[in-house]
Amino acid sequence: VYSGALKRNLSSEQVRADFIALGLSEEKASYFAEQWKVNSPTLTRLAVGQTLMINQLIDMEWKFGVTAGSSELEKVGSIFLQLKLVIKKGSQLENVYVELTLPQFYSFLHEMERVKTSLESFS
Amino acid sequence: MAALRDEDFAALQILLKAPSKDAVRQLCQECFSSPPAALGPLAQRACPGLAVSSQEAEQLVSALHNLTRHVVYRGFTSAEDILCLFPENFHQNLKNLLTKIILENTSAWRNEAQASQISLPRLVDMDWRVDIKTSSDSIARMAVPTCLLQLKIQEDAALCGNNPVVSALTVELSKETLDTMLEGLGRIRDQLSAVANK
């Protein structure tokens, strides 16, 4: 009954009516309707948490360092940043490795701050 | 990088038969940029212009490749360093011409080498959009903002040759994930400034 109530966004009155229609006594139906009213925010949050997410980002690890040399250049001295993104694809976790230059990193940081502002304005 | 051998310098003197200084310049650039495997075909193309046998062309192309790569590897920036590489009896004018051409190109070549060095897959582009989730199969009404981030990632350039593979990865982030990520990125920025200020 509760999950149906979440799906159809029912008020506590409607939940009480549902319980009575299912054969519960008035007293018990009222009790359960009260419980619904009190707990529905929590249940809602849990249901939202279960909502479908595509390729959800689970974790991010990073390291940065300096490239000292290579087979083409004896001395390099350039900074690299490596990110490891852990992504949930369906039920499996996948690791994605990406390298960024410094300008790319600052631009990425700037864009993510813009996303945060946008998300906050919609909450 | 192997040091240059006497045969290499002997082969370089074939350049004296080149039609013009620009032809020499062009050949230097092609020899540097070409990977060792492509030197054969390059030699074949150079043959007619130089009026030499294909074996001599191959030796020349290989020598020029070694010379230009060696200079870029060691990071020589002054004429003296490059001039020192040549043996005593090497043709003076040719030596000066080659040094001049190499100096002109060395910083562009250095960038080219750095761009093509091995690395993890690189980020080439990123896009994002913010969606509002309004309902789902488990809940009828909600207004949950979520972010979709698309990263365009290019595989290691050295492995792909001329056809780099770019894959697009779309990732979804909730507000909490984004906040955590920004915290992490902020720490990276702080550490970078600490390193830069040392």
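Computed from a prediction, not measured in an experiment: that's the story for all the values here. Side chains included, hydrogens not; waters and symmetry mates left out as well; all remaining heavy atoms used. Below, chain A is the first sequence line, B the second, and so on; all start at residue 1.
Residues from residues 85-93 of chain A that place a non-hydrogen atom less than 4.5 Å from a non-hydrogen atom of chain B comprise Leu85(A), Ile87(A), Lys89(A), given in numerical order.
A 4.5 Å side-chain heavy-atom check between Tyr106(A) and Leu185(B) finds every atom pair outside the cut-off.
In this structure Trp36(A) satisfies the ring pair (Phe, Tyr, Trp, His ring centres under 6.0 Å) test together with Tyr2(A), sequence neighbours excluded. A search for ring pair (Phe, Tyr, Trp, His ring centres under 6.0 Å) contacts involving Trp109(B) returns Phe32(B), not counting sequence neighbours.
For Leu149(B), the part lying under 4.5 angstrom from a heavy atom of chain A is the side chain only. Contact of Ile58(A) with chain B is not made at all, since no heavy-atom distance falls under 4.5 Å. For Ile132(B), the part lying near chain A is the side chain, with the backbone staying farther off; criterion is any non-hydrogen pair under 4.5 Å.
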Next item on the list: For side chain to side chain contact (heavy atoms under 4.5 Å, CB included), just list the numbers for Met53(A) and Lys133(B), CA-CA rounded to whole Å, side-chain angles, deciding distance to a tenth of an Å, and then say yes or no.
Entry: CA-CA 10 Å; Met53(A) 279 196 92; Lys133(B) 298 198 240 206; 3.6 Å; yes

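Ranked by heavy-atom pairs under 4.5 Å with chain A, the list Leu182(B), Asp179(B), Thr146(B) is led by Leu182(B). In terms of heavy-atom pairs under 4.5 angstrom with chain A, the leader among Val130(B), Leu192(B), Val144(B), Thr177(B) is Leu192(B).
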Please list every donor-acceptor pair under 3.5 Å in which a side-chain atom of residues 85-98 of chain B meets a protein atom from a residue at least two apart or in another chain.
{"unit_1": "His91(B)", "atom_1": "ND1", "unit_2": "Asn93(B)", "atom_2": "N", "d": "3.4"}
{"unit_1": "His91(B)", "atom_1": "ND1", "unit_2": "Leu94(B)", "atom_2": "N", "d": "3.2"}
{"unit_1": "Gln92(B)", "atom_1": "OE1", "unit_2": "Lys95(B)", "atom_2": "NZ", "d": "3.1"}

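Open room surrounds CG on Asp6(B); 12 or fewer heavy atoms of other groups in view lie less than 6.0 Å from it.
Between the side chain of Gln104(A) and the backbone N or O of Leu123(B), at least one donor-acceptor pair lies under 3.5 Å.
From Leu119(A), atom CG reaches atom SG of Cys147(B) across 6.0 Å, with rounding to the nearest 0.5 Å. With rounding to the nearest 0.5 Å, the separation of CZ in Arg189(B) from CG in Leu109(A) is 5.5 Å.
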